[in-house]
Every structure is written in structure tokens, then in C-alpha cells.
Amino acid sequence: MHDSLLVAPAVALIAGAVLLVVMEWTGRLLIVPVVGWRRTLPSLALTLPCGMIFLVGVVASIGLRRFNYLSMLSVVQIGFLFAARRWRRAEPDGAGLTLPEWGLLALTYVGAFAIMCYVQPAGDAGAGMRLPHFDLSFFALLAQEVPRAGHASLWAATLGEHARSAGVSSDIWYHWGPMWLTCAVSSITGMSDIDALLHVVTPVLHFVMVIALAAVAWTLTGWRLQRVLPLSFAAVLAMSWPTMALVEWMYRHVSHDLMPYVHWSLTGLFSYKVEAALVFGMLAAWLQRRDALAALLGFAAAVSAPHNVAGVGIACGGLGALALARRNLQDLKLAVTGVALMLCGWAAVKAFFGVGLPKTDGAPMFVSEPGLFMERLGLLGRDLGAGLMEVLLLVPGLVLLVRASHADAEIASRVRSLGWLVIGALIACYPAYEFLLPTGERVHFVNYAHAVFIYPVGFLGLALGLTSRHDGRAVHRRLPWVSGLLMLACVAIPAWDMRMDEIRSGGGLQRYREADLLAMRAAAKGGKIGYFAASDRNWWIPRNSLITSFIGSACVRLNVIPEVDEAGGLGNFYGSAAPFVLVPRRDGESGEEWSLRFARALGVHLLMETNQDKLPQAVQKQVTLLVEVSGLRLYRLRD
């Protein structure tokens, strides 16, 4: 038994560095006809996302032991390589990286590691382990269970290899990239899945995202590496109003739906990091006039996750509407091309592999009921007004983008189009929230637009104010000062929020002593753990996976919570019937009796009890205590 739950920081840093080297070499081999062998910031921004998505396709093929829709990413890239060999080899932009610049890149990766360890904490600081967000343990559980299940489904986390018997036989379209990279790291290094995800994969993805955005900043500002790296690091952290403290006040005093006004920066959004890296790489390639490579990355983004199809498609739709209003044919062509790329990715996933959205067939795609449509239409004006107020700090940056100048007229035109694309995302995300997926997770439409387009690109637009040369007019003399203060505010707001979140989550159920979790791990021996709960998240996202992921076990909630699993909106949208397909209910059977049959069908012989989630009395008579530590008890279910 290991004497620690977590890998040493030095080991995690080395593993991440090796993963980055493999990504970069793989990506360079695939697109060398376009970027050449010389390593520059613009070339790294293209090779790293290409290598990342190629590895995702390869690992997904190995993990599922079959050709699947993510395998298409690797095949398309190989096809691009053979096609690109016929083109004239492009000269790299600028001189190769110097030794001090390599050192700065290494320091940037160490910084990404440190920031991620703070944002998604895991460790014992004396008062017990402060555990990360629930979603991260769920993603680690997926990385562990999906290869066993043999198909990529959310239900794999709960049902594992029994998912097929429950009628879940096809892959779903989801952001699987980070989970497959986690599988690769944990399989090769022997780390736990949660360790690999938290301390290797996430810092690597954050670094790739920063590098890709740095290339966008390099094109916009013309600054050297020493300035664009800190700028892009700040851009992925940046956000505007409101702070989470203000949101909590709004929840207490405002009665209407606040979800479209609650946003997070890319730093704290794990599920968007692969997607943002691909989109930033696409934008970097497009700004560098490598249109074929931009199209490749755009198609890869569409295949990678439905979030990209929705987010990029909505932004391009907004750009197209603005282009029609402005009678700008160039932006209209760009918008049509972007939408076409997203639709091609969606069509390929659906037509060639039969992969669908993670929703039930009966969940509607659009608001069609007339009364609800008119109600949502009435809310749209409020949404747009509130949305504009929320990004008020970034409005000067958007103005600077759409009025940008550059020594190269074509690049200047593309920068202005980028500004209009971001404005289009801001305008279009709210109608999408109100009228698309009325019973689903509509908040992604708004969150994606802000996290991937509005905040980071708007922040880079503010940086243009620092580069402007004044012509004697007072407004131009003050522009660098105003831009600098706004940039500082956009970084201070999320930094303050992260600190307040750390204070708010400093105690309670998120803290367990490492020694106690080690004792639980020794008793569980990797066995699957069940539990009963009066309240919980949706069935396929067990709340207590936050604990069991650190002791190397999968877990499943065994009892039905009707208001969540049967009457809840997300339960209806994603579907909650799979457990009852695997273990049908019997007439006259109590809930506890069904739960125990469900446990035995899944091979669950261990039951966990926390101070919040107690075992029913009828179940307590059928278990034997294995270990009891502070706040946790583990039992063995008797045959």
C-alpha cells in the first residue's frame, strides 16, 4: 500500500512534460509541410493542438478496441499530411525559439501546473484533504470505467461493463478528449485516474490552450514571446462581472432565472480546455493565413465535442447576421464557412458512426410551444441588456478589435472580422439559451460564448490599447492607461472569486484526512462501492465519487430519488431508465429490496456510509462493518 494518495509534484511535472513533447512531435510530423521543422511560437500553437487531438483519436481507438468516431480525427490528419505534401513548404514565422525562450515556456508550464493545483485542489494541508469539484471526480470515473464498458457513454461511470445489458450500446457525442488522455497517462504511469487528470492532463491542456492563444495575441500585438505569454495567461483567467459574491446576492434577492448571467473563466472550466485549445489553434492558423490548417482544426473541434458545434456555430451565426446588416461579403463568407465546418463535423459523427447527442430521443431541440416561445421572446431583451452590462469592461477591447489596423492589410481585415465574430457570439448566445434545448443544459450556450470567445479575445482586444500610438489627442494619450486598468480589473475579478471560493469551501464535507482515505482504500481494494442518499446529483454523476475516486474505486448510488431521477429536468433530458432496464422493478417490491438487487447485478459488495448519506435500517441488517474512520464507514454486503 502506498503511503500517499497523490503523486509527487515533481513526478507529475515530468509526466506532463513528456506528454507535451509527444504532442508536439506528433503534431509536427503531421503538419510539417505547413509549418516546417523550425520551432516558433506560431508553429507551436498549431502543432500542439494537432498532436493533442491525434493522440485522443489513437487512445480512443485502443481504449474501445474498435474504430470509433474519435478515430476519424487521426485518419483525417493523416490524410491532411499526404495532401499537404503537394503544397509548397511554408516558411516558419520568425526565428526559432532561443534557449531563454524555451526556459520561459518551461516556466509557463510550471505556472500552469501551480494554478491548476490551486483551482482544482487536492491535498492535505493539516485540516484534511480539500477535494476538487464534483465534476472532476466524475470525469476521472469515466476515464476508469469507459474502457471497461467498451463504449463511450455517461452511463459507463455508473453501470460499467453492465451498461450494455441496460440497453446502452452506442457511443454518445461528448467532450471525451480529456478522459482519453487521462486513460493514457494512468495506464502508462500507474497513477490513479484522478491523479492523472488533476496533476498531469489538466495542466498540460491549460498550457496548450495558453500557447494557442499566445499565437493569436502575437498576431494582434506583434509583441515578443516574453510579453504575449503573460498576456495569454491572463486572458484565459480574465472575466468581467459579476463576481460570485454578487451572484449569491442576486440568487437571494432576484426571483427570475439567473443561469445565463453566471459565467466562469477558462481557467476554472475543465470541460472546455481541449475545445478552447482547438478553437484558439484554429483562430491562430486563420490569422496566419493557413486556411487549410484552420479548416482541419475547425473540423476536429466539431468532431471533438457538441459544445464546439454549438458554440462556434452560434458565434458564426451571429457574425453572419451582423455581416448581412453591415453588407460585408467577406464576413458573411467566413460565417458560412464556419457554420458549414461545424455541420460537416456533426454530419460525419452522426452519419458514419450513428453517434447522437447525450439526450433522450424525446427531448426537444427547439422551443415549439407557442406560449413558451412568447414567454422566452419577452425575456430576450432582458438577457441582451444584462449580458451587455456584464461585459462592460471588455467593450473597449471589442471596439479596438473591430477598428484594428495592421501593416498587412489582409491581417488587419481578419482581426476586424475576429472582433465581429466575438460580438456575434455575445449577441447570439442569448437567443440560443432561450430557444434551444428547452429541457436541457442550455447554460452551455452562454458559458461557452463567454469563456472561449468573449472573455479571452475581448481581453486581447484591450491589449491593443497598450500598443496604440497617440496622435496628440487626449483620448489617444489616455487609451493605454484605460486599457491597462480594465485589464487589471478583468484579472482581479476571477482571482478574487477563486480566493473567496477557497474560503467558502474550506470545511465541511469536502475535507477528509488522508490517513482515513488510505484506510478506506486498503479495505476497499478497488472494489465498486454503493451508497444510499436522500439527495444527490443525477444518477450517472454520483456525488460520492468525489471520495471514492481518491481510494481507487468506482461508486454508484443504489436508491431512486424521484425528484432527481424521474421528475428532474436533467433526468428527463439525459434519461434515467437504464438502471430499471438492467434490473426491472417487481410488483410489491420495496425500494431497499430493488436497490440490493441492483447492487448485486452490478457486482457491488461494498457499501459506504457518510455523515450525510446513511444506510437504510433494512440494509444495515445485511452488512458487516469493515472499517470506520472519521465521517466514513465501509461495509461488506453479506450474500
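Keep in mind the model is a prediction, meaning the values are calculated, not measured. All values below come from the heavy atoms of this structure, side chains included, with hydrogens, waters and symmetry mates left out. Numbering starts at 1 and runs along the sequence shown.
Under the side chain to side chain contact (heavy atoms under 4.5 Å, CB included) criterion, Ala300 pairs with Ile53, Leu73, not counting sequence neighbours. Partners of Ala305 according to the side chain to side chain contact (heavy atoms under 4.5 Å, CB included) rule, which considers only residues two or more places apart in sequence or in another chain, are His175, Glu275, His307, Asn308. For Asp171, the salt bridge (charged side-chain N to carboxylate O under 4.0 Å, His left out) partners are Arg66, not counting sequence neighbours. For Arg224, there are no salt bridge (charged side-chain N to carboxylate O under 4.0 Å, His left out) partners two or more places apart in sequence or in a different chain. Shown here are the side chain to side chain contact (heavy atoms under 4.5 Å, CB included) partners of Leu343, two or more places apart in sequence or in another chain: Val339, Trp346. The side-chain hydrogen bond (donor to acceptor under 3.5 Å, both in side chains) check on Thr202 picks up Gln120, with sequence neighbours excluded. For Leu393, the side chain to side chain contact (heavy atoms under 4.5 Å, CB included) test picks out Ser240, Trp241, Leu486, Ala489, Cys490, Ile493, with sequence neighbours left out. Residues passing the side-chain hydrogen bond (donor to acceptor under 3.5 Å, both in side chains) test with Ser413 are Gln330, sequence neighbours excluded. Take Tyr69 and apply the side-chain hydrogen bond (donor to acceptor under 3.5 Å, both in side chains) test, not counting sequence neighbours, and it matches no residue.
Using a distance-only test at 3.5 Å, with no hydrogens or angles considered, no donor-acceptor pair links the side chain of Trp286 to the main chain of Gly281. Under the 3.5 Å distance criterion, the side-chain polar atoms of Thr219 are matched with a main-chain donor or acceptor of Ala215.
Here side-chain hydrogen bond (donor to acceptor under 3.5 Å, both in side chains) pairs that include residues 45-58, with residues two or more places apart or in two chains, are Glu24-Thr47. The list of salt bridge (charged side-chain N to carboxylate O under 4.0 Å, His left out) pairs with a residue in residues 413-433, not counting sequence neighbours, reads Asp291-Arg414, Glu410-Arg414. For the salt bridge (charged side-chain N to carboxylate O under 4.0 Å, His left out) condition, no pair includes a residue of residues 193-208, sequence neighbours left out.
Within the 4.5 Å cutoff, the side chain of Met282 has no heavy atoms near those of the Arg290 side chain. Inter-residue side-chain proximity for Ser271 and Asp135 is flagged as unmet; no heavy-atom pair is nearer than 4.5 Å. Side-chain contact between Thr267 and Pro494 is absent, with no heavy atoms from C-beta onward closer than 4.5 Å. The side-chain heavy atoms of Arg28 and Ser43, taken from C-beta on, include a pair separated by under 4.5 Å. Taking 4.5 Å as the limit, some side-chain heavy atom of Met487 sits within range of a side-chain heavy atom of Leu231. Contact of the Leu466 side chain with the Thr221 side chain is not registered, since no non-hydrogen atoms from C-beta on lie closer than 4.5 Å. In this structure, the side chains of Leu44 and Val35 stay at 4.5 Å or more apart for every pair of heavy atoms. With a 4.5 Å cut-off on side-chain heavy atoms, Leu297 and Cys50 count as touching.
Evaluated for a side chain to side chain contact (heavy atoms under 4.5 Å, CB included) with Val402, the options Ile423, Leu322, Val422 yield exactly one hit, Ile423. When the options Val201, Leu142, Val59, Ile194 are evaluated for a side chain to side chain contact (heavy atoms under 4.5 Å, CB included) with Thr182, the one that passes is Val201. Just one of Leu418, Ile314, Val312 meets the side chain to side chain contact (heavy atoms under 4.5 Å, CB included) condition when paired with Phe453; it is Val312.
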Practice task
Could you please spell out the steps behind the side-chain contact (heavy atoms from CB on, under 4.5 Å) verdict for Val228 and Leu220?
Solution key: CA-CA 10 Å; Val228 294; Leu220 294 180; over 6 Å; no
Practice task
Kindly determine whether Thr26 and Met23 satisfy side-chain contact (heavy atoms from CB on, under 4.5 Å), including the steps that lead there.
Solution key: CA-CA 5 Å; Thr26 302; Met23 281 183 181; 5.9 Å; no
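A distance of 10.5 Å separates OG in Ser186 from CG in Leu181, rounded to the nearest 0.5 Å. Interatomic distance, CE of Met239 versus CG of Leu266, reported as 11.5 Å (0.5 Å rounding).
Ring planes of Phe207 and Tyr109: perpendicular class, angle over 60° (limits at 30 and 60°). Taking the six-membered ring for Trp and thresholds of 30 and 60 degrees, Tyr174 and Trp176 have ring planes more than 60 degrees apart, a perpendicular arrangement. Ring planes of Tyr448 and Tyr272: perpendicular class, angle over 60° (limits at 30 and 60°).
Scanning both residues, Leu401 and Val457, for their nearest heavy atoms gives CD1-O, 3.6 Å. Closest of all the heavy-atom pairs between Val452 and Ala276 is CG2-CB, 4.3 Å. Ala235 and Leu213 get closest at one heavy-atom pair: CB-CD2, 3.6 Å.
For the residue pair Ser137/Ser549, the side-chain donor-acceptor check at 3.5 Å is not satisfied.
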